[in-house]
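We name chains A, B, ... by the order of the sequence lines, and we start the count at 1 in each one.
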There are 2 protein chains.
Amino acid sequence: MDIKTVCAGLLTFGEASGYEIKKLFEDGTFNGVYDASFGSIYPALTRLAEEGHVVCREQEQHGRPDKKVYSLTPKGRAHFVAELSRGIQPDRVRSEFAIATIFAHLLPRDVIVAYVDQQIAEYRAALVRLDEAECDPSSEMTNLQFAIGLGRAQLNAALAFMESRRALLEAAAVPPQQETAVEARAVPGVKHA
Amino acid sequence: MDIKTVCAGLLTFGEASGYEIKKLFEDGTFNGVYDASFGSIYPALTRLAEEGHVVCREQEQHGRPDKKVYSLTPKGRAHFVAELSRGIQPDRVRSEFAIATIFAHLLPRDVIVAYVDQQIAEYRAALVRLDEAECDPSSEMTNLQFAIGLGRAQLNAALAFMESRRALLEAAAVPPQQETAVEARAVPGVKHA
DNA sequence: TCGATATATGTCGGGCCGATATATGACGGT
DNA sequence: ACCGTCATATATCGGCCCGACATATATCGA
């Protein structure tokens with residue numbers, strides 16, 4: 001599923017500009033589910049307009065730059081539903097924090113401690129954003145509450161695990177006084193299965 | 001963190017070929033944490049060799065094509081530790097399943113049911129792979145067990161939520177007899193905050 | 001013998017990210 | 001009054017990475 005399709009999906013909830021779509025990815029409906037940069041969103045909207053899947057309307061604003069508001073056409077809506085019905089790819093995760101934990105035995109302890117604190121802060125922030133999204137009046141739909149509940153269940157489980165086991169991870173890291181010694185030590189060529 | 005750095009990290013556990021690194025992404029150490037295609041791995045190993053971070057050794061095999069086995073140099077190891085200590089980016093998730101649930105009210109019920117079944121099957125398969133990784137003799141390190149435990153906690157939470165609430169989601173989808181009627185219906189232009 | 005599967009490496013087009021440029025106006029500090 | 005910072009808003013561009021394809025060897029079952 002490409003960015004064009006995802007943008008079209010967001011527009012089923014109502015018209016929006018490229019900037020507003022970016023904000024929805026960051027703290028709105030798609031928080032923690034999907035993500036796209038301006039460098040993807042603006043070209044995607046241009047191509048959607050060329051294909052007749054959206055129409056563009058320029059809107060003047062007072063005290064702010066003008067914006068281009070895009071609306072989904074019936075053709076675009078039908079195409080989105082067809083694309084989403086065609087099948088979905090498995091979840092794709094990219095966790096640099098998980099990589100850091102796997103190599104914790106190579107990192108100074110204070111670095112690992114900082115990473116754990118940072119990760120816990122991000123989990124908490126994501127939970128707050130989900131709470132806000134649930135209070136949103138547009139979330140009366142049971143299916144949006146399902147998506148929010150699934151995210152919250154995973155975040156709470158991750159938080160509970162991290163807070164109860166972080167000492168084990170930090171103990172595996174390199175203690176401050178051994179830091180230089182370890183970096184100079186020869187590497188045992190351990191084979192992995 | 002680019003693919004080069006992640007490949008270098010895997011090589012701290014011992015020498016490996018590009019093909020073996022791909023398998024480690026799929027069902028080994030990095031299962032559910034990171035992912036890379038052959039189109040990224042092979043050029044990454046070539047560039048790592050050019051930079052002197054790995055050395056390459058060609059190995060003949062009986063009953064199989066030859067392979068190129070890469071080993072991390074001390075320079076490459078030091079560079080990897082420095083890169084990983086420089087800071088980490090927040091987790092990035094791309095869940096087409098979550099998108100499908102958000103738009104469940106636009107999809108036929110049988111499509112949603114199939115997607116839920118598929119997602120549950122993927123969660124279970126990921127749990128099995130984590131169990132195998134934990135039994136692996138190389139996972140005596142407490143930090144690798146931490147990463148596995150974190151993944152398992154999130155997967156179990158997601159599974160429990162899906163199995164107890166899937167009926168709510170499926171009820172929000174389009175019932176079979178109303179399918180054509182809904183697609184022809186006019187779209188109310190609902191604004192999102 | 002034919003196709004399927006597994007092992008193994010590589011290229012290439014195109015999609016997407018991150019950085020950068022540009023512009024307007026609000027707000028607070030000196 | 002002036003300046004920097006922040007938020008709003010759009011757009012481009014280099015480069016990284018994915019997915020598809022090409023290529024090759026060998027085993028196994030139909």
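Separating the CD atom of Q89(A) from the C1' atom of dA20(D) is a distance of 13 Å, rounded to the nearest angstrom. Here the P atom of nucleotide dG15(C) and the CG atom of L45(A) are 16 Å apart, to the nearest Å. Look at CD1 on I3(A): it is 18 Å from P on dG14(C), rounded to the nearest Å. For the pair I21(B) CD1 and dT7(C) P, the computed distance is 16 Å after rounding to whole Å. The distance between atom NE2 of H62(B) and atom C1' of dT25(D), rounded to the nearest whole Å, is 14 Å. Regarding Y34(A), its OH atom lies at a distance of 7 Å from the P atom of dC16(C), rounded to whole Å. For the pair F25(B) CZ and dG19(D) P, the interatomic distance rounds to 13 Å; values are reported in whole Å. Protein atom NZ of K67(B) is 20 Å distant from nucleotide atom C1' of dT23(D), rounded to whole Å.
No engagement by T46(B) is indicated, since no non-hydrogen atom pair under 4.0 Å with the nucleic acid exists. Nucleic acid contact class of A36(B) (heavy atoms, under 4.0 Å, all strands): sugar-phosphate only.
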Can Q119(B) and Y123(B) be said to form a side-chain hydrogen bond (donor to acceptor under 3.5 Å, both in side chains), step by step?
CA-CA 6 Å; Q119(B) 189 75 2; Y123(B) 285 153; 3.2 Å; yes
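The shortest distance between the side-chain N/O atoms of K68(A) and the OP1/OP2 oxygens of dA11(D) is below 4.0 Å. Considering only side-chain N and O atoms, Y19(A) lies under 4.0 angstrom from the phosphate OP1 or OP2 of dT8(D). At dT7(C), none of the side-chain N or O atoms of Q61(B) fall inside 4.0 Å of OP1 or OP2 (strictly under the cut-off). Here Y42(A) does not reach the OP1 or OP2 of dA11(D): none of its side-chain N or O atoms lies under 4.0 Å away. For dC17(D), the OP1/OP2 oxygens have no side-chain nitrogen or oxygen of R92(B) closer than 4.0 Å. Between K22(A) and dT8(D), a side-chain N or O to OP1/OP2 separation shorter than 4.0 Å is absent.
For R64(B), the side-chain atoms get nearest to dA8(C) when compared with the rest of dA8(C), dG10(C), dT8(D). Candidate nucleotides dC17(D), dA8(C), dT10(D) were compared by shortest atom distance to the side chain of F38(A), and dT10(D) ranks first. Each of dT8(D), dT11(C), dA24(D) was ranked by its minimum atom distance to the side chain of P65(B); first place goes to dA24(D). In the set dA11(D), dT9(C), dT11(C), the nucleotide with an atom closest to the side chain of P43(B) is dT11(C).
The aromatic rings of H79(A) and H53(A) lie parallel to each other, their planes meeting at an angle below 30°, with 60° marking the opposite boundary.
Environment of CD in Q59(B): crowded, with over 12 heavy atoms of neighbouring residues, nucleotides or ligands closer than 6.0 Å.
Positionally, the nearest nucleotide of DNA chain C for E20(B) lies more toward the 5' end than for the other of I41(A) and E20(B). Summary of the strand contacts: G39(B) and K23(B) both lie near DNA chain C, and taking for each the nucleotide with the nearest heavy atom, the more 5' one is attributed to K23(B).
Of the charged side-chain nitrogens involved, none lies within less than 4.0 Å of a carboxylate oxygen, so that E51(A) and K75(A) do not count as a salt-bridged pair.
Residues V33(A) and V93(B) have side chains not in contact (no heavy-atom distance under 4.5 Å, counting atoms from C-beta outward). Side-chain atoms of T101(B) and N143(A), non-hydrogen and from C-beta on, never get closer than 4.5 Å to each other.
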